[in-house]
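The analysis underlying the following values was restricted to heavy atoms, covering all of them including side chains, and did not include hydrogens, waters or symmetry mates. Residue indices begin at 1 and follow the sequence shown.
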Amino acid sequence: MPRDPSPFQSILVPLDGSPLAEQAIPLASRIAQPAGSKLRLALVHQLPAAPLDAASARMFTSIELATRKSERSYLRAIQARLRESGIRLSAATTLTGGSPGPTLAEYARDAGVDLVVMATHGRGGLRRAWVGSVADHLVRSLEIPVLLVRPTEGQAPAGAAGAGSILVPLDGSPLAEQALDAAMALARLWDREVMLLYVVAPVVMSIDGAVPMPSAYDEELTAMARAQGQDYLDDVVERIRAQGLRATGVAVIGWSTVGTILDAAPVGRVAAIVLATHGRGGLRRLALGSVADKLVRAAEVPVLVYRPTGGSKPKQQKPSRQGSRPRRPARKAGR
């Protein structure tokens, strides 16, 4: 029986000429090769300041032509290396525009791209994060997944070729579940297990005004919330296994959603984290800037973020063991 085609048939890799940005290429190749999809390389050409006099105009023209020639040669050299590895390619593109974020977003939409794979840092170095600028703009404006890898100076990014499961944090909401399609696609391509995680915030007994953090929680109520979360995950796991994939799910208690997810995602155990930018708080509350943003900045493995659509209907769920619909956790899971 032939395997279903991957939804990632056209993959965009934004580059800026820096080795840091290039660290997204191995990860994109790991998706493109088994999927038989095509990689698109794109570089946004930055126009220099306009000349003020005739002498400056001649210099401007000379520098502009030399820069464009250098950029084309740079993209062709990367394409040649990828062809030697058996990667299918679309034509590399040098884009001329203003801000890289809007320029890349427009190109991705016009080209019908299915996935963007990019590094969180580029030409500005590790002191300048693309999260909050280019990557942030693409995640917020595109209705396709964006897979982000945090590069490291002088070496391959941690987790770019790692083993492990595909970790998907869920909070019980249909919006958060919209990340499951991308997670299952990666799991099929890499022959990995989907590992679901539900972080249950402790039910606080009381908060002393003099103490900045609660020091105690109601163990019985918290255990009940965790049990509800586990029951919810068990039903989602059944749905994933019904599609021929391996899957597990665990609800855990944690004061910090981000910290708990990071503890569950060491290199070697987890190949990538996949999550939606919106969860139980709805489309009015962006997780990017909170959970997703913090994970992108801190995780040692690639993080795929997806902006869900509010109008999409949640997938049909199987009846619970009691014959009713699965219970949704009563408490907020820290998102």
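With sequence neighbours left out, Q79 forms a side-chain hydrogen bond (donor to acceptor under 3.5 Å, both in side chains) with no residue at all.
Put simply, L262 and L167 are part of the same group of oily side chains (I, L, V, M, F, W, Y) that touch within less than 4.5 Å, one to the next. Note on V168: it clusters hydrophobically with W190, by side-chain heavy-atom contacts below 4.5 Å among ILVMFWY residues.
In summary, E177 and R239 engage in a salt bridge, as defined by a charged side-chain N under 4.0 Å from a carboxylate O.
Of the possible donor and acceptor atoms, none in the side chain of E238 sits under 3.5 Å from a partner among the backbone N and O of L233. The main-chain N or O of A66 is never found under 3.5 Å from a side-chain atom of S70 such that the two would form a donor-acceptor pair. With hydrogens and angles ignored, the 3.5 Å screen pairs a side-chain donor or acceptor of T222 with a backbone N or O of V203. For R226 (side chain) and A251 (main-chain N/O), a donor-acceptor pair under 3.5 Å exists by modelled atom type. Between the side chain of Q178 and the backbone N or O of T309, at least one donor-acceptor pair lies under 3.5 Å.
Here the closest non-hydrogen pair linking A247 and I240 is CB-CG2, 3.7 Å. Across V305 and L148, no two heavy atoms sit closer than the pair CG2-CD1, 4.2 Å.
Y107 and T93 share a donor-acceptor pair across their side chains, judged by distance under 3.5 Å alone. Judged by distance alone, the side chains of R40 and S10 do bring a donor and an acceptor atom under 3.5 Å apart.
The shortest side-chain heavy-atom distance between R150 and R297 does not fall under the 4.5 Å cut-off. T120 has its side chain out of reach of V149: every pair of non-hydrogen atoms, C-beta onward, lies at least 4.5 Å apart. Put simply, the side chain of E143 reaches to within 4.5 Å of the side chain of R307, judged on heavy atoms.
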